[in-house]
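This chain uses plain numbering: 1 for the first residue, then up along the sequence. In listed order, ligands and their atoms are each counted from 1.
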Amino acid sequence: VLDLYFMPSSAAVKKLSGAFDAFYPDGFSPKKNPEMWEPRLLKAICSHAREGATLATWCVASAVRKAFTEAGFTIQKVPGFGHKSEMTVGRFEPKFKHRRSTTFLNSAEKPQSAIVIGAGLAGSAVACELARRGVQVQVVDAGPVGASGASALRWGVVHAQPSGDDNQLFRLTRSGLEMLREELLCYPELVRTEGLYQMARDGAELQKWQQQFAQLKPFSFPKDFLRLMSAEEAESKIGLKPRLGGLWHEGAGIVAVAEWVRARLNRSGASLLFNTRVGSLSKQGKNCQAKDAFGQIIAEADAVVVCCAAETANLLPGIELPLTRWKGRLSLLCEGALTDLKGAVTGPGYAIHSPDDWIGVGATYESADKQMSSEEAHCKNLSHLTDLFSQLTEADAAGFYEGFRCVAPDRLPVVGQVPAAEGFPNATGIYVSCAMGSRGTVFNELAAKVIAAQMFNEPIPLEADLLRAIDPGRFFKKPR
Ligand SMILES: Cc1cc2nc3c(=O)[nH]c(=O)nc-3n(C[C@H](O)[C@H](O)[C@H](O)COP(=O)(O)OP(=O)(O)OC[C@H]3O[C@@H](n4cnc5c(N)ncnc54)[C@H](O)[C@@H]3O)c2cc1C
């Protein structure tokens, strides 16, 4: 796995997390490019070395070799190649071990087996990512088939969430989309990512976007990622003229969510156990156990990943994850209602016309204590349609798709290893992936890759501050 950081090395080093196998410092000469060879920087980079990690560099400057030695490398000067007579090689053999937060520290401790509870977008992604690393995966779900929770959605939109200040949500959704690319290539028939139009909610938002683009805020986007688009140009892309101008997300679009989840569960090769509700989790020595409501063991493994949306909190009572459920309803329109629309459009709500003529408009956001009547929900959804396309004032609804989104107070997903808490002292080997909110399509793969990297003590494919932003430990106190 190679992660590329496009930024000064002093900034990149603050964003690294996880452990690396090989170090190859190659930044011009210390005289020409002193910042790259700063002993403090080299030591900070080397603090991410996995035990036994190797080092190689053409540079033999004594200050550089001293910095590597102080960082824990045993180094040697050996014959160089090309026009260099000597080079430096080394191996990470620290006298003092760093206390790392990862659970499985060396290859002997790598998990051989894992239980994934929940077979939705989050669980199916984790099952695939762990199976790819040779883990024996058992997926357990209370529903009768894969994708029977919120992921039962037939088609959903997938895109980044831009912001002029490059906030955490934008950075996370951008990474999420990038990490999905390879995955989505496996299912060409379930994916339409030829682009997605995001209409401005009103004139003020459009003006704000125009100013941000003019001032290159937060930076200049590649045209094949995001650009401003007039309503006229949007019409040529999506087949209907939207009320306002907006943004064109190239490479974003729609996915057939439930089919994707089921195809992925099959592809993972995991063993699948449906109609089985997990009632509690416990630890027996190093093993993690999933038990039913009567305390009978359903499955036992080295690690467990809880992907049960809002029910995740019930399986981890000691850590009190503050998750809430928000009901969402999407109005399904009768065939012929939006025939001219190609693909999807978002902005104030969203509308999808899929290649198989499924038409969804919505969606509502209903709290537990403020549910709408069916009529109110449909009216709300149709008002989004009129906001998007002023020429569409009515449409017949054939029914609803409804589900429950799981949301954390800060609206970011909750992903990663569960740290020990006062009410939950032994959390070793327990991970969660939930609180995807309305963005399960863009977050699930990123979440799975983070969890697998943590389990295997690999470099985490996410910047350190973003990792902290989604960490389950952000909500509760660590034990004293
Ligand atoms: C109306 C609506 C429209 C949406 N539109 C979009 C969209 O366009 N784009 C987008 O990205 N997202 C959208 N979403 C959000 C998206 O559906 C979710 O983010 C995503 O499906 C969450 O996936 P998940 O795997 O975390 O949860 P779920 O799909 O809910 O899966 C959780 C699974 O856990 C199982 N489970 C729970 N408790 C237990 C237990 N104790 N034992 C065993 N199994 C258990 C459940 O049976 C379920 O299968 C929409 C949501 C709604 C409601």
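Inter-residue side-chain proximity for E250 and T193 is flagged as unmet; no heavy-atom pair is nearer than 4.5 Å.
Of all heavy-atom pairs between L446 and G176, the closest is CD1-N, 3.6 Å.
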Identify all pairs of nitrogen or oxygen atoms, one from ligand 1 and one from the protein, separated by less than 3.5 Å, and list them with distances.
| residue | atom | partner | partner atom | Å |
| --- | --- | --- | --- | --- |
| ligand 1 | 5 (N) | Y350 | OH | 2.8 |
| ligand 1 | 8 (O) | V157 | N | 2.8 |
| ligand 1 | 8 (O) | Y350 | OH | 3.2 |
| ligand 1 | 9 (N) | V157 | O | 3.0 |
| ligand 1 | 11 (O) | S438 | O | 3.4 |
| ligand 1 | 11 (O) | G440 | N | 3.2 |
| ligand 1 | 11 (O) | T441 | N | 2.9 |
| ligand 1 | 11 (O) | T441 | OG1 | 2.6 |
| ligand 1 | 12 (N) | S438 | O | 3.1 |
| ligand 1 | 17 (O) | A150 | O | 3.3 |
| ligand 1 | 19 (O) | G437 | O | 2.8 |
| ligand 1 | 19 (O) | G440 | N | 3.2 |
| ligand 1 | 21 (O) | S151 | N | 3.2 |
| ligand 1 | 21 (O) | S151 | OG | 2.8 |
| ligand 1 | 23 (O) | S151 | OG | 3.2 |
| ligand 1 | 25 (O) | L121 | N | 3.1 |
| ligand 1 | 25 (O) | A122 | N | 3.0 |
| ligand 1 | 29 (O) | A150 | N | 3.4 |
| ligand 1 | 29 (O) | S151 | N | 2.9 |
| ligand 1 | 29 (O) | S151 | OG | 2.5 |
| ligand 1 | 30 (O) | A150 | N | 3.0 |
| ligand 1 | 38 (N) | E311 | OE1 | 3.3 |
| ligand 1 | 41 (N) | V278 | O | 2.9 |
| ligand 1 | 42 (N) | V278 | N | 2.9 |
| ligand 1 | 44 (N) | A142 | N | 3.0 |
| ligand 1 | 47 (O) | D141 | OD1 | 2.7 |
| ligand 1 | 49 (O) | D141 | OD1 | 3.2 |
| ligand 1 | 49 (O) | D141 | OD2 | 2.7 |

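With a 6.0 Å radius and a threshold of 12 heavy atoms from other residues, nucleotides or ligands, F219 has its CZ atom above the threshold. Around NZ of K327, the count of heavy atoms belonging to other residues, nucleotides or ligands within 6.0 Å exceeds 12.
Side-chain atoms of E366 come within 3.5 Å of backbone atoms of M372 as a donor-acceptor pair (strictly under, hydrogens ignored).
Note on ring orientation: taking the six-membered ring where Trp is involved, the planes of H378 and F400 are perpendicular (angle over 60°, cut-offs 30° and 60°).
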